[in-house]
2 protein chains.
Amino acid sequence: MGRPRGFDSDEALDRAMEVFWRHGYEGATIPNLTRAMGINRPSLYAAFGNKEELFRKALDRYAAGPTAFAREALAEPTARRVAESLLRGAVRMAADGRNPRGCLLVHGALACGEQAEPVRRELAVRREAGVSAIRERFERAVRENDLPAGTDCAGLARYVATVIYGLAVQAASGATGDELRRAAELAMRVWPG
Amino acid sequence: MGRPRGFDSDEALDRAMEVFWRHGYEGATIPNLTRAMGINRPSLYAAFGNKEELFRKALDRYAAGPTAFAREALAEPTARRVAESLLRGAVRMAADGRNPRGCLLVHGALACGEQAEPVRRELAVRREAGVSAIRERFERAVRENDLPAGTDCAGLARYVATVIYGLAVQAASGATGDELRRAAELAMRVWPG
DNA sequence: AAGGTTGTGTACCGGAGAGTACAATACCGT
DNA sequence: ACGGTATTGTACTCTCCGGTACACAACCTT
């Protein structure tokens, strides 16, 4: 009961995600957010708590939306195809004109003031979780004799993540989709075998 | 004539550089800066103009100091050694405990609010200048028959820069020096020949 | 139709940020 | 020693940020 909400919560969250993506956590102001979300201040606080909670919810939405390709990529049958899918997906997302350039996990708060420190740490944790997921997938590949025994799975996962996040930085510098694609293609030449 | 300055300008700039490096342009506050520089507000403005000018001067100092290795790397005799030196230098800098983690050109302002937009653009320009310098070095290598004719120098340069900046992100996530080193070593396996 | 409940709009608060006025201070040249 | 000059320290301004109080509006239940 009570007055019903005048906006769709998920749509508003998508808009918020985009603002954070484009301006980073600190660079995104509440007026920025409310304008993009089409709601006013008290509605934002009532629906999402505060700026930091809103950001975390936007992160979850980011994981479920623009970076859903990563989960699919990890399900590919071979390690090589996992890596290819990850890089291809990263390039496609970075080059997609509908999104802000780059990756929210990188642009959100690489460096920040004291206040945003919890957010920075959260992003670091999420990035590291990605590296771990890739490493575990490669370890499975070793067990399946898809990758040679003795492969440095941690190193390989770190390398793949390095290229992915590096591509996000390049996208932020204004590199074209084609340039990113060529760099990603080169990156795959590392592949053993 | 007049009262002499009570601090060394270059030393103060080094401290400012470190603060910007650690907290980014927006995250670094004037009180942060003055405290680290050991001077007070009006001295900062008198000596360096304003926050943005101070940042640009810190960038110049960054180019001359912590990233001086890049210039030396470009002077290596072969393209392969150029790439190796660049990656090795990037890892060494990122892992050096005396510095903040990562790279000022990346951490300074990947994404930001409206006010800092000129700074973000400046950083993007400087990063792209680095890519161009690497590309030109590789093009020279092709002319010298050091790299095979028809080599995609732009792609190769983009790739090397991608790895370097990706390493900066990894460092910000807390990756150890050893992890970075292994990733960089893998990255060199791309090398033709 | 009336009351309770929840969202909305305006207008506000405390605090922190960048930048500056002004008086006091320390040095130089004479 | 003394006056001119540039730096320093304190205290201030102005703006904008995140967050909230409070009155009003819209809906559901009975």
Side-chain angles (χ1 to χ4, degrees), chain A residues 1-13 15-59 108-109 111-120 122, chain B residues 1-13 15-17 19-20 22-59 108-109 111-120 122:
Chain A
M1 44 161 102
R3 177 173 176 173
R5 202 164 262 167
F7 61 96
D8 181 76
S9 188
D10 283 342
E11 254 183 50
L13 211 43
R15 303 289 168 80
M17 176 186 76
E18 196 179 312
V19 172
F20 283 127
W21 195 346
R22 178 162 282 123
H23 296 296
Y25 177 73
E26 284 184 316
T29 69
I30 300 289
N32 279 160
L33 290 162
T34 54
R35 209 176 311 130
M37 298 165 87
I39 66 181
N40 52 28
R41 234 191 252 268
S43 297
L44 187 156
Y45 283 91
F48 303 104
N50 61 15
K51 189 182 179 183
E52 185 174 334
E53 283 184 51
L54 174 62
F55 183 72
R56 292 188 137 90
K57 284 168 180 139
L59 278 186
C112 62
E114 286 290 319
Q115 296 218 348
E117 189 62 19
V119 167
R120 193 192 64 76
E122 168 81 21
Chain B
M1 40 158 107
R3 178 174 177 172
R5 200 164 265 169
F7 61 96
D8 181 76
S9 187
D10 283 343
E11 257 183 46
L13 212 42
R15 303 289 168 81
M17 176 185 76
V19 172
F20 282 128
R22 176 162 282 121
H23 296 296
Y25 177 73
E26 284 183 317
T29 68
I30 300 289
N32 279 160
L33 289 162
T34 54
R35 209 176 311 130
M37 297 165 86
I39 66 180
N40 51 27
R41 235 195 251 275
S43 297
L44 187 156
Y45 284 92
F48 303 105
N50 61 15
K51 189 181 179 184
E52 184 172 335
E53 282 183 51
L54 173 62
F55 183 72
R56 292 189 136 89
K57 281 168 182 141
L59 277 185
C112 63
E114 286 289 319
Q115 296 218 347
E117 189 61 19
V119 167
R120 194 192 63 76
E122 168 81 21

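Because the structure is a prediction, the values reported are computed rather than measured. Values reported hereafter were calculated over all heavy atoms of this structure, with side chains retained and with hydrogens, waters and symmetry mates removed. Just so it is clear: chains get the letters A, B, ... in the order the sequence lines come, proteins before strands, and each one is counted from 1.
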Worksheet entry | 5' precedence on DNA chain C between A:G6 and A:Q115 (nearest-nucleotide basis) | A:G6

Item to complete: Using the salt bridge (Lys or Arg N to Asp or Glu O under 4.0 Å) rule, collect all pairs that involve residues 23-49 of chain B, keeping only residues at least two apart or in two chains.
Response: none

Worksheet item: Hey, does the side-chain of B:R3 have a donor or acceptor N/O within less than 3.5 Å of a partner on the base of D:dT8?
Response: no

Item to complete: Within residues 30-49 of chain B, find the residues that approach DNA chain D with a heavy atom at under 4.0 Å, and present them sorted by residue number.
Response: B:N40, B:P42, B:S43

Worksheet item: Just how far is it from atom CG of A:L54 to atom CZ of A:F20, taken to the nearest 0.5 Å?
Response: 4.5 Å

Fill in: Gap between atom NZ of B:K57 and atom CD of B:E52 - 0.5 Å precision
11.0 Å

Discussion item. So which atom in B:A111 and which in A:G24 form the shortest heavy-atom distance, rounded to 0.1 Å?
Written reply: CB-N, 3.6 Å

Worksheet, complete the sentence: Of all heavy-atom pairs linking A:H23 and B:C112, the shortest is ND1-O, 2.9 Å

Worksheet entry | Atom of B:E114, atom of B:P118 and distance for their closest heavy-atom approach | O-CD, 4.2 Å

Fill in: Rounded interatomic separation in angstrom, taking CG from B:L54 and C1' from C:dG19
14 Å

Response to the item:
A:K51 NZ to D:dC17 C1', in whole Å, measures 8 Å

Discussion item. It should be established whether B:R5 places a side-chain nitrogen or oxygen under 4.0 Å from OP1 or OP2 of nucleotide D:dT7.
Written reply: yes

Item to complete: First locate atom CZ of B:F7, then atom CG of B:L44, and finally report the distance between them rounded to the nearest 0.5 Å.
Response: 8.0 Å

Worksheet, complete the sentence: Here the distance between atom C1' of D:dC17 and atom CD of A:E26, to the nearest Å, is 12 Å

Report all interatomic pairs (protein N or O, nucleotide N or O of nucleotides 28-30 of chain D) with separations under 3.5 Å.
none

Practice prompt. Would you name the heavy atoms of A:F55 and A:G108 that are closest together and state the gap between them?
Written response: CZ-CA, 4.3 Å

Practice prompt. Take atom CZ of B:F7 and atom P of D:dA6, then tell me their distance rounded to the nearest Å.
Written response: 15 Å

Response to the item:
Which of D:dC27, D:dC17, C:dT6 is nearest the side chain of A:T29? It is D:dC17

Discussion item. Looking at every non-hydrogen atom in both residues, tell me the closest pair between B:A36 and B:V19 and how far apart they are.
Written reply: CB-CG2, 3.5 Å

